[in-house]
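A short worksheet on the structure shown next.
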Amino acid sequence: MKTASPDIGTLKHAQEILKNTFGYDQFRLQQEHAITQALTDKDALVIMPTGGGKSLCYQIPALVKDGACLVISPLISLMKDQVEALKQNGVSAAFLNSSISASEQRQVEEDFMAGQVKLLYVSPEKLMTRDFFNVLKSSTLNLIAVDEAHCISQWGHDFRPEYTKLKFLKEQFPETPIMALTATADKATRNDILSQLNITKAKTFLSSFDRPNLSLAVRPAQKRVEAITDWINSQPEESGIIYCLSRKSTESLAQKLQKQGIDADFYHAGMDPQVKDKVQERFTKDDLKVVCATIAFGMGIDKSNVRWVIHHNLPKNLESYYQEIGRAGRDGVASKTLLFYSYSDVMQLKQFIEEGEQKQLLEAKLQRMQQFAEATSCRRKLLLSYFGEQLEKDCGNCDICKNPPEFIDGLKLAQMALSAVARTQQKVGTRMLIDILRGSGRNDLFQLGYQNIKTYGVGKAHSYVDWQHYIGQFLNLGLLEIAFDQHNILRITDLGKKALYSEIEVKISKPETQEQRKQRLTPAQPTKKAQQTNALFERLRTLRKQIAESQGVPAYVVFSDSTLQELSTHKPTTDDELLNISGIGQRKADQYGREFIHEIVTFIKEKTLEGEKIKGATHLVTYELLKEGLTPQEIATKRNLNKVTIFSHIATLYEQGRDVDISQYITEDKLEKIITGIEEIGQTEQLRPLFDFFEEKIPYDQLRLAMAVYKRQTKTERT
Ligand code: ADP
Ligand code: ZN
């Protein structure tokens, strides 16, 4: 008989594994529900955005229950990293696919049958072999996880024919719960997964698709290389991806960035596979900071610390856009995204859409993409509503929320531009139009006689950049259109004619002032504390990289960026404190704790001796100096502190269980005497009553030391 809910003990066990093995304090909402489902042997469909935490949904039940979990994944390149990440947490895991030799496979199978592997990752091809089927039949499965489950569906974007054969799983292993996982939420795909896996009764666990840690911004596609260079230089240590429209542009952009001294390379489907893999590997291992890529780059990347994504061109729809920006910030740490928008991209994408059944749909999707780029209210609201989710409040983390546009009446401006277009017999492009309006002395303008038309120079009061902004808006509003087949000249639309005759209103957003632009581009000065945290972060990042290299794994497998951030903010210096950091379980604390604590303490010491204040850490500097053999008096002199303060540091160190020899500073007799006093008074918080108790005859430093000894004694007696 199956029970409706796992007993309390089982859930508690799951919680313990979350904390002790993975180092996390809490489940995310749908994780707990999905895990509960698996623990009660029921099928589940888990839909979570990238970075939502799908893996734990099957990894934890796998560890709670007897037997092993089979994980089917189509992404061979990711299996190794996933298995490595599990091993780092002390979990026995292995993978089987065509990338390892037959004898290695044999070994894994033997270990698996001997019950020595808790999670086994296999490719669908491997799963279908008869030999492997026999292996499965002779082992105890506690769960079957089908990762990237949308690959089963013809509706999805990554259809894999081998996935359609997975139906046999339910037939052959009817008692074993199946968990399908995907980041694709559309209904058709969902239903397909359930029916093809034959788990139509499975419960669906759908998480919000919001990714609040990703900031959203859109900018006009002007001076892109300059803007990108500034962007990268403001965060030179962070890695990011720049998506480009064509293979050629990935190459040329990478080259331009390299010329600016940026560590960039390119990636596209037309490259030699080996070179391509190398680029991906260097990026994953933090050896390459920036990749200029076509959309071919992404599927096989598990790198959790991609800190930013830029779209050099407009994507063709919001699905692609969301998927691509989704590669940033999988570790939940704040990450930035930027989209460059130009009207000409829209026109080019329109031309790519071929005649056929889907034409209307594709055009409508492109239009939604364009609306997003032109939005004048919270972009995230718009984005999520496209995916059927309603956000109640404005997000506060998009460019519109941060800098709401101001609107102005643009009718006069529109009329200036439109009439100039009319008077040149609709023969000019944007540049010439602006030059006419601003009264430029350009040679060809004079040759064409445009200095004689009535609108020559009427727009002098506005800068060239402002006019670009206005004309962009007129295009967006549909007053003008670009004839791409005729050297991009501007033409007046029917709506434009109405504007010319003042029959409609024209509301446009105000262009940014120089001042606003400067403000937007210069990041706020970090506080002293933030600077310290950043400096420590960089040192821990370097340490992480050394460790990762020595083990041949990507850096984020050792510790995620969010774990590094917590380490640099909280600066743990004891094992207990270390285990309180999110992402550090017992195994990682054992393996890396010492090195990281050492780095943190060294940092604190250096900074403190340089005269900076670091909260809550001053006693550690004393500790370091004691270890170097200095006496309390010498330390007091060196640090320019009171000797009593140094003794109070020593007391704190002793209380924390650190290795200090307190008998050097207080005699046995004295200690005993004071402890009698403490017991008499019955409190260990304040020294003053104790001081009074001994009629002010015992100095404070001695009282403080005795108090520490008493506290440490009673603490050990309690535990
Ligand atoms: P997905 O497969 O859904 O893209 P992952 O399983 O790779 O996401 O998880 C994304 C990140 O979130 C990983 O770094 C993971 O360790 C972390 N994570 C998962 N669950 C939790 C949790 N409950 N608390 C904190 N971090 C979590
Ligand atoms: Zn917003």
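As the structure lists them, so they are numbered: ligands from 1, and atoms in each ligand from 1.
A side-chain donor-acceptor contact under 3.5 Å links E374 and Y341. If you check the side chains of S153 and D192, you find a donor sitting under 3.5 Å from an acceptor. A donor-acceptor pair shorter than 3.5 Å can be found between the side chains of Q551 and Q88. Side chains of D590 and Q586: a donor-acceptor N/O pair is present below 3.5 angstrom, by distance only. Between the side chains of S99 and N97, at least one donor N or O lies within less than 3.5 Å of an accepting N or O. A donor-acceptor contact closer than 3.5 angstrom is absent between the side chains of Q370 and Y343.
Within 4.0 Å of ligand 1, contacts by protein heavy atoms are made from Y24, Q26, F27, R28, Q31, P49, T50, G51, G52, G53, K54, S55, L56, R330.
A centroid separation of less than 6.0 Å is found between the aromatic rings of F283 and F297.
Residues satisfying the ring pair (Phe, Tyr, Trp, His ring centres under 6.0 Å) criterion with F372, sequence neighbours excluded, are Y321.
Each protein N, O or S atom less than 2.8 Å from the Zn ion (ligand 2) was counted, giving 4.
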Could you give the side-chain donor-acceptor pairs of residues 44-64 under 3.5 Å, partners two or more places apart or in another chain?
residue	atom	partner	partner atom	Å
K54	NZ	M48	O	3.1
K54	NZ	P49	O	3.4
Y58	OH	Y121	OH	3.3
Q59	NE2	Y121	OH	3.2

